Structures are given as structure tokens and as C-alpha cells.
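Numbers restart at 1 for each chain; the letters A, B, ... are given by sequence-line order, proteins then strands. As a basis for the values below, the full set of heavy atoms in this structure was taken, side chains included, without hydrogen atoms, waters or symmetry mates. Everything numeric in this text was worked out from a predicted model, so none of it was measured.
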2 protein chains.
Amino acid sequence: MNIGDVATRSGLPAKTIRYYEDIGLIAPQRDLNGYRRFRERDLHKLNFLGRARALGFTIEDCRTLLALYEDQSRASADVKQVARDHLARIETKIADLIAMRQTLTELVDACAGDHRPDCPILRDLGGES
Amino acid sequence: MNIGDVATRSGLPAKTIRYYEDIGLIAPQRDLNGYRRFRERDLHKLNFLGRARALGFTIEDCRTLLALYEDQSRASADVKQVARDHLARIETKIADLIAMRQTLTELVDACAGDHRPDCPILRDLGGES
DNA sequence: CTTGACCTTCCCGTGACTGGAAGCCCCATC
DNA sequence: GATGGGGCTTCCAGTCACGGGAAGGTCAAG
């Protein structure tokens with residue numbers, strides 16, 4: 001398979017796949033003409049990466065997870081720890097965003113949104129609340 | 001006031017304040033020695049920016065909001081639109097993160113987290129669900 | 001006069017790509 | 001055999017909102 005084929009089959013842009021090779025996540029072989037040649041195993045790894053990235057894992061998390069994936073003697077505790085740390089970061093982000101949403105919703109609701117210049121949103125941002 | 005003073009009083013790092021000047025959000029005067037000289041009005045703007053950023057507005061949003069803030073003939077509808085667009089982006093992010101949290105929670109709960117290699121998290125990422 | 005805190009500019013690095021330029025390769029068609 | 005178009009290659013630059021750190025000027029206290 002060439003890069004276009006695995007791009008289609010993995011759903012990842014070719015650019016991203018090259019990037020993943022650059023940073024050492026995958027190591028496809030090369031044809032004599034210099035083209036990358038991907039095997040099923042590479043495609044499998046790319047799908048793994050795509051799923052992990054979709055769950056919000058960082059690239060470094062992905063590197064760790066891939067290594068654990070390939071290590072038959074891993075302990076599931078190690079995997080769980082990575083996932084739990086990530087989950088904690090997500091919880092924090094959600095909480096931050098919900099706080100923003102709360103404030104923003106209040107401000108938007110309080111704003112008349114008409115042709116007049118008076119605006120509670122700007123008053124709040126300006127500290128004149 | 002020098003940059004250190006406004007940094008303390010606005011809660012923004014000096015680096016950030018210089019950056020805001022670089023990109024044209026503020027325009028403090030200069031002393032003869034080249035030091036930036038901030039007036040109350042600059043500090044006020046910085047506080048505005050700090051609050052807007054804390055609510056997750058992008059820098060470009062901030063530029064728009066600041067311009068509206070200074071424009072006495074603005075329409076509050078314009079401000080509201082910026083805030084509503086931003087709110088929509090936040091809602092999307094929250095939804096994405098909650099979906100991730102859901103999946104991750106299920107996977108973490110399903111994982112024994114012991115010394116054994118068998119791991120539902122990796123099985124899922126590997127597409128062997 | 002020296003010390004140390006503060007200020008200046010400038011450049012590089014972050015994360016995870018994305019866009020684009022310049023150029024090679026391969027296949028099909030005329 | 002020339003040509004055209006799509007796919008592949010590398011490399012460089014840009015994204016966003018700063019942060020780190022170097023090299024050097026400035027100021028107030030002792």
C-alpha cells in the first residue's frame with residue numbers, strides 16, 4: 001500500500017501519517033523509488049493512533065500506549081494509569097468550560113442585543129459590574 | 001507605571017503584556033529610557049483582556065470586543081453575536097469532551113488494572129472490541 | 001562603585017498538525 | 001515519444017498564545 005491507500009483506509013490525512021513517521025510512531029518500509037510502503041501492521045497501528053487521538057490522548061500518550069500495546073508482558077495497570085490521568089485532565093477541562101459557559105450564558109441572556117450601545121457583556125469585561 | 005507594576009496589578013505576565021503590544025492590542029507610551037509607561041487606561045484595557053481571555057475568547061475576539069468597548073456608538077447586538085458564537089464553540093467542545101469522558105470512563109472501569117497483560121483499553125484502541 | 005532588580009529586544013520552542021512550493025514517478029493517452 | 005494528470009517525495013513556513021532564556025541597558029540602594 002502507498003500512503004494514499006492507508007490514508008483512505010485509516011481516515012488519517014497523508015500529511016499526518018508522514019508526521020507520525022517523522023516523530024517515530026510508525027516506521028513503514030520504502031520502495032526502490034522512495035515511496036513509503038505500508039503493510040497491514042502499519043495500517044493497524046495507524047488505526048490505533050487514530051482512535052487514541054480521537055479519545056484526546058496526546059501524542060506522547062499514544063507513544064506510550066503503542067509501546068504497551070506491542071509489549072506482550074505489559075501490566076494492564078500501566079495502561080489504566082495512562083487512561084486515568086488523561087481522564088482527569090478531561091474532567092478539568094470540562095469543569096473549566098462549564099464555568100465559562102455559565103458566565104457567558106448569563107451575560108448573553110442579560111444583553112438586549114439591539115441597536116443601543118448599552119451592553120452588560122462589555123460592562124462585565126470592563127470590570128464595571 | 002512600568003510593566004512590572006501593571007503585571008502585578010492586572011495579574012498578567014509581563015511577557016504577555018509585551019505580546020499584546022506586539023500584536024497591537026495595547027499601545028503604551030515610552031519613557032526616554034525606552035521603558036514602557038502604562039497609564040490607568042492601559043491597565044484597564046489589560047484587565048479587560050484578562051477577563052475576556054479567562055472566558056476563553058480568542059485574541060481576535062478580544063480585538064473585536066475591545067474595539068466595541070471603545071466605540072460609544074456600538075450596537076449591543078454586535079457584542080452579543082461575538083459572545084454567542086463563542087458560546088457555541090464552547091458547547092461543541094463540552095459535548096466532544098463529554099463523549100470522550102464517557103468512552104474513557106467505560107474503558108477504565110472495564111480494565112482490571114493489575115499485573116496481567118489483558119486490557120480492554122488496548123483491545124478497544126486496537127479495534128478488537 | 002558595585003550589586004541586584006528591573007527593563008529592553010531578539011530568537012527559539014511549544015502541540016499536532018496544515019498549506020504550499022519544487023520536483024520526481026508512474027500510467028494512460030495521443 | 002511526448003504529454004498530461006495524479007500521486008509521491010522533501011523541506012519550509014505558519015498556526016495559537018504565549019514562555020524560556022540570552023545579551024545587554026537602566027535604576028535605586030548601600
Not counting sequence neighbours, which residues clear salt bridge (Lys or Arg N to Asp or Glu O under 4.0 Å) with [X]? List them please.
| X | answer |
| --- | --- |
| R18(B) | none |
| E91(B) | R101(A) |
| D118(A) | R123(A) |
| R36(A) | E21(A) |

Please check: side-chain N/O of [X] versus main-chain N/O of [Y], any donor-acceptor pairing under 3.5 Å?
| X | Y | value |
| --- | --- | --- |
| R51(B) | D124(A) | yes |
| R63(B) | I23(B) | yes |
| H86(B) | L55(B) | yes |

Any residue meeting side-chain contact (heavy atoms from CB on, under 4.5 Å) with [X], in chain and number order, not counting sequence neighbours:
| X | value |
| --- | --- |
| Y35(A) | N2(A), D31(A), N33(A) |
| D96(B) | T92(B) |
| Q29(B) | R37(B), R39(B) |

Show each protein N/O and nucleotides 14-16 of chain C N/O combination with a separation under 3.5 Å, one pair to a line.
residue	atom	partner	partner atom	Å
dA16(C)	OP1	I59(A)	N	3.4
dA16(C)	OP2	I59(A)	N	3.4
dA16(C)	O3'	R53(A)	NH2	3.4

Rounded to whole angstroms, how far apart are [atom1] on [X] and [atom2] on [N]?
| X | N | atom1 | atom2 | value |
| --- | --- | --- | --- | --- |
| I17(A) | dC17(C) | CD1 | C1' | 13 Å |
| R18(B) | dT9(C) | CZ | P | 7 Å |
| K15(B) | dG13(C) | NZ | P | 14 Å |

Applying a 4.0 Å non-hydrogen cut-off, can you work out what I23(A) is touching in the nucleic acid: base, sugar-phosphate, or nothing?
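The residue I23(A) makes no contact with any strand.
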
Sequence neighbours excluded, every pair satisfying ring pair (Phe, Tyr, Trp, His ring centres under 6.0 Å) that has a member inside residues 94-129 of chain A:
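Every pair satisfying ring pair (Phe, Tyr, Trp, His ring centres under 6.0 Å) with a residue in residues 94-129 of chain A: there are none.
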
Using a 4.0 Å cut-off on heavy atoms, which residues in residues 32-40 of chain A reach DNA chain D? List them by number, or say none.
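The stretch gives G34(A), Y35(A), R36(A) as the residues lying under 4.0 Å from the strand, ordered by number.
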
Contacting residues from residues 86-100 of chain A, given that a heavy atom lies under 4.0 angstrom of DNA chain D
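Listed by number, there are none.
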
Boundaries of the DNA chain D segment in contact with chain A, non-hydrogen, under 4.0 Å:
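It runs dG7(D) to dC11(D).
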
Can you name the closest pair of heavy atoms from N47(A) and S10(A) and give their distance?
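Distance-wise, the nearest heavy atoms are OD1-CA, 3.4 Å.
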
Parallel, tilted or perpendicular: which fits the ring planes of Y69(B) and F48(B), with parallel below 30° and perpendicular above 60°?
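Judged by the thresholds at 30° and 60°, the geometry between Y69(B) and F48(B) is tilted.
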
